[in-house]
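Remember, predicted model here, so these are calculated numbers, not experimental data.
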Amino acid sequence: MEDVIKRSGNTFGTNEALILAQLSIVAVPTASIIFLDIITNQSPEVCIKDDDGDCILYPGMSSDVCVNDSSTWAYTYPQESIISNFDLLCYPSWWLTLTSFVFYLGMILGCVFAGLMSDYIGRKPALMILLFLEDVFLGLLIIVESYQVWLVFRFFTGLFIGYFVVAMVLIIEGLKIRYRHSFMAAIWCCFAAGFLFLALLAYVFTKYIDMIACIVLLVAFLWG
């Protein structure tokens with residue numbers, strides 16, 4: 001990017017527009033990753049087993065079935081959310097909020113980590129490395145088999161999401177002052193598109209791991 005700016009005399013041209021557009025699109029998976037907990041932590045549907053062994057959809061609050069023996073009810077879609085996948089329905093409510101806590105803790109530390117990393121090795125190398133690590137830990141969320149391990153990997157997805165900070169710095173450094181406000185607005189439009197993308201995934205897929213897999217592929221495409 002630095003070479004492009006030098007060749008263009010720090011003016012806004014076609015090459016700059018293409019580079020900055022690519023960096024702005026990074027905001028789409030970023031928004032999906034940040035608000036992933038909305039999908040993965042949703043309350044699952046449960047059904048009550050009758051005397052014949054058939055499962056009838058429970059009409060009330062899912063957590064109400066916890067007063068009954070676990071053999072009398074079941075999850076309608078076992079992989080609809082991490083609650084059903086890790087059988088967390090009857091755990092205390094604060095136990096589930098740990099997913100958001102560890103993620104945002106990772107984000108706070110990630111902003112500092114990304115800044116230090118980009119100062120030492122450069123903006124573009126830091127962006128590529130952080131994107132790669134983010135994709136790796138997102139992929140690991142698909143195969144985890146325990147809630148405790150999920151929390152660890154979710155922390156690292158928050159830590160390495162600092163790539164978005166690096167991308168924004170790259171954009172600011174590559175633009176004249178008069179272009180910065182309009183292009184920063186374009187970035188947040190892409191951020192809003194990430195919300196819509198996550199909603200689309202939730203509409204298409206019933207399993208949260210399928211949604212994460214789509215986000216992993218999108219991040220891998222950006223990294224490539």
Does one hydrophobic cluster hold both Phe197 and Phe35, with members joined at side-chain heavy-atom distances below 4.5 Å? yes
Hey, are the side chains of Leu131 and Asp135 touching, using non-hydrogen atoms and a 4.5 Å cut-off? no
Within this structure, what is the CE-CG distance for the pair Met107 and Leu105, rounded to the nearest 0.5 Å? 11.0 Å
How are the rings of Phe153 and Phe137 set to each other: parallel, tilted or perpendicular (split at 30° and 60°)? perpendicular
Would you say that Leu36 contacts Ile215 through its side chain, given a criterion of any heavy-atom pair below 4.5 Å between the two side chains? yes
Gap separating the CZ atom of Phe195 from the CD1 atom of Ile38, nearest 0.5 angstrom: 8.5 Å
Mark yes or no for whether Ser32, through its side chain, and Gly194, through its backbone, hold a donor-acceptor pair below 3.5 Å. yes
Are Ile212 and Val149 connected in a single hydrophobic cluster, I mean Ile/Leu/Val/Met/Phe/Trp/Tyr linked by side-chain heavy atoms less than 4.5 Å apart? yes
Report yes or no: do Phe101 and Ile39 belong to one cluster of Ile/Leu/Val/Met/Phe/Trp/Tyr joined by side chain heavy-atom distances under 4.5 Å? yes
Check whether any side-chain heavy atom of Tyr91 lies under 4.5 Å from a side-chain heavy atom of Ile83, and answer yes or no. no
Nearest-0.5 Å distance that lies between atom OG1 in Thr40 and atom CD1 in Ile82: 4.5 Å
Phe160 side, atom CZ; Phe113 side, atom CZ - distance, nearest 0.5 Å: 5.5 Å
Do Val165 and Leu127 share a hydrophobic cluster, counting only Ile, Leu, Val, Met, Phe, Trp and Tyr and linking them when any side-chain heavy atoms are less than 4.5 Å apart? no
Between Leu201 and Cys214, is any pair of side-chain heavy atoms under 4.5 Å apart? yes
Taking atom CD of Gln148 as the centre, does the number of heavy atoms from other residues, nucleotides or ligands within less than 6.0 Å exceed 12? yes
Closest non-hydrogen atom pair, Ser100 against Asp37: OG-OD2, 3.1 Å
Under the criterion ring-ring contact (aromatic ring centres under 6.0 Å, His included), which of Phe156, Tyr208, Phe155 is the partner of Trp150? Tyr208
I'd like to check Met117 versus Ile121 (side-chain heavy atoms, cut-off strictly below 4.5 Å). Are they in contact? yes
Name of the residue among Val136, Leu138, Leu140 meeting side-chain contact (heavy atoms from CB on, under 4.5 Å) with Val216: Leu138
Can you get from Val152 to Ile161 by hopping between Ile, Leu, Val, Met, Phe, Trp and Tyr side chains that sit under 4.5 Å apart? yes
Heavy-atom side-chain contact between Tyr147 and Trp95 under 4.5 Å: yes
Straight-line distance of Lys207 NZ to Ser81 OG, nearest 0.5 Å: 13.5 Å
If you define the side chain from C-beta out and look only at heavy atoms, does anything of Ile33 sit under 4.5 Å from Arg154? yes
Kindly indicate whether the side chain of Val144, heavy atoms from C-beta on, has any atom under 4.5 Å from the side chain of Phe86. yes
Thr99 and Asn41 side chains, donor-acceptor separation under 3.5 Å: yes
To the nearest 0.5 angstrom, please state how far the OH atom of Tyr163 sits from the OG atom of Ser118. 15.5 Å
